[in-house]
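Each remark here refers to the structure printed beneath this line.
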Amino acid sequence: MRKKDPELMKRILEYVTEYYLNYSSTPSTTQIANEVGIARGTAYKYLVAMDERGMLKYQDGDIVTASMEKIENDREEVSALGKIACGEPALEEENLLFKTSLPTAVFGKGPFYILYAKGDSMVDAGIEEGDILVIRKNAEPHIGDIIVALDENNENTLKCYGGIDGDTGKAVLEYQNKAVYGDKVILVNELICQGVLSHIIKER
C-alpha cells in the first residue's frame, strides 16, 4: 500500500466528524471521495489505513471516530413540553410529550427543555411555525435574547427581551415580525423568564 498523505487523512477525519454533527450519520465512501477530491477506491483505502492507525474505526462500511463516541456518550436528557406561542400570548399548560437527549458537544451543558414554536411573531428572528426550540433553563436574560416569558395574566409567550422601558419602568417583550406586527411590544411589570433560547432546530 502506498504511503498515505497525513493531511488528507486529517481532512477526511474532519469531514466525517462535521458530517456526523450535522446529520447524525456518517458519509458514504462516495461522499468522502467527492469532498476531498479523490477516487472512491482511494477513499476506501484511506479509511482502511486510518483504521489501522487508530485514527478511526472502519468496519463493514461503518465509521466511528473518537469525537463521535464522545458525542454519543456525553449527552444530556431533556424534556419536550409542548408548544410555545410566537404570536399573541396564549395560555399553555405544561405537557410532557417525550424525553430525549442532546449531545453536549453541540448544545453545551444545560439544563434544557424543548418547545415547539407556533405562530408568526418571531419570523424575523428565524423562528417559524413547527420549529423545535431548545430552551436553557435558569438562564439570566440579556437584552436581545429570545426568551420564554409570562405576561401579567400568566400567559406564556416567546419574545425578544428589549430591556426596561425608560418611561414606564416595565420590562419590554418585543415581537420580531415587522411586516405583520410593526413595532408592537408587550410591557410587563415584572419579568418572569422561564428560559432563554439556546438553539433552533428546523422542522424541515
Side-chain angles (χ1 to χ4, degrees), residues 18-25 71-72 74-165 167-204:
E18 182 180 357
Y19 189 98
Y20 182 80
L21 285 172
N22 289 329
Y23 302 105
S24 298
S25 63
I71 290 170
E72 284 304 311
D74 191 7
R75 302 179 73 91
E76 181 153 338
E77 185 177 87
V78 296
S79 298
L81 300 179
K83 296 181 179 181
I84 180 71
C86 298
E88 296 302 310
L91 185 63
E92 297 290 343
E93 182 178 353
E94 184 174 295
N95 178 30
L96 177 62
L97 300 179
F98 59 85
K99 288 184 178 288
T100 186
S101 62
L102 299 174
T104 56
V106 178
F107 293 90
K109 290 289 187 181
F112 299 108
Y113 62 94
I114 288 173
L115 295 171
Y116 288 85
K118 70 175 184 178
D120 61 359
S121 76
M122 302 302 291
V123 296
D124 291 346
I127 300 171
E128 301 172 301
E129 180 97 22
D131 286 348
I132 298 169
L133 309 176
V134 180
I135 308 296
R136 185 183 297 276
K137 294 181 182 179
N138 308 323
E140 183 70 24
H142 298 94
I143 294 174
D145 284 344
I146 306 299
I147 66 172
V148 177
L150 295 179
D151 73 0
E152 292 180 318
N153 296 316
N154 286 326
E155 295 177 332
N156 64 16
T157 189
L158 186 82
K159 294 292 178 287
C160 178
Y161 177 47
I164 303 300
D165 181 68
D167 295 327
T168 65
K170 295 184 177 183
V172 181
L173 304 176
E174 300 174 340
Y175 287 66
Q176 297 288 296
N177 185 339
K178 287 279 188 182
V180 175
Y181 299 100
D183 295 323
K184 184 174 181 178
V185 300
I186 298 171
L187 298 177
V188 292
N189 287 324
E190 179 185 3
L191 178 66
I192 302 176
C193 177
Q194 298 177 314
V196 175
L197 178 68
S198 174
H199 290 76
I200 304 169
I201 303 173
K202 287 297 179 180
E203 182 188 28
R204 52 189 179 278

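Just so it is clear, the model here is predicted, and its values are computed rather than measured.
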>> If you apply the rule side-chain contact (heavy atoms from CB on, under 4.5 Å), what do you find for L133 with I127, and how did you get there?
In response: CA-CA 9 Å; L133 309 176; I127 300 171; 4.0 Å; yes
Min side-chain heavy-atom separation [X]-[Y] under 4.5 Å:
X	Y	result
S25	Y19	yes
F112	K137	no
V78	V134	no
D183	V185	no

>> Once you measure the plane-to-plane angle for Y175 and Y181, does it fall in the parallel (<30°), tilted (30-60°) or perpendicular (>60°) bin?
In response: tilted
> Going through the distances and angles, do L102 and T104 end up as a side-chain contact (heavy atoms from CB on, under 4.5 Å)?
Replying inline: CA-CA 6 Å; L102 299 174; T104 56; over 6 Å; no
Which atoms form the tightest heavy-atom contact between [X] and [Y], and what is the distance?
X	Y	answer
V196	A139	CG2-CB, 3.7 Å
L173	A149	CD1-CB, 4.0 Å
C160	Q176	CB-NE2, 3.7 Å
V123	E128	CG1-CG, 4.5 Å
S198	R136	OG-NH2, 4.1 Å

> Between CE of M122 and CD1 of I200, what distance do you get to the nearest 0.5 Å?
Replying inline: 8.5 Å
>> Main chain of P111, side chain of N138: is a donor-acceptor contact present, judged purely on distance under 3.5 Å?
In response: no
> So, does N177 use its side chain to make a donor-acceptor pair with the main chain of D120 at under 3.5 Å?
Replying inline: yes
>> Could you walk me through whether L150 and Q194 satisfy the side-chain contact (heavy atoms from CB on, under 4.5 Å) test, starting with their C-alpha distance in whole Å, then the side-chain angles of each, then the deciding distance to 0.1 Å, before giving a yes or no?
In response: CA-CA 8 Å; L150 295 179; Q194 298 177 314; 3.8 Å; yes
>> I need the single residue from E174, K184, K159 that forms a side chain to side chain donor-acceptor pair (under 3.5 Å) with S121. Which is it?
In response: K159
> Of L191, I135, I192, which is the lone residue that meets side-chain contact (heavy atoms from CB on, under 4.5 Å) with I147?
Replying inline: L191
>> Between I146 and L158, is the side-chain contact (heavy atoms from CB on, under 4.5 Å) condition met? List the steps.
In response: CA-CA 7 Å; I146 306 299; L158 186 82; 3.7 Å; yes
> Does the ring center of F107 lie less than 6.0 Å from the ring center of H199?
Replying inline: yes
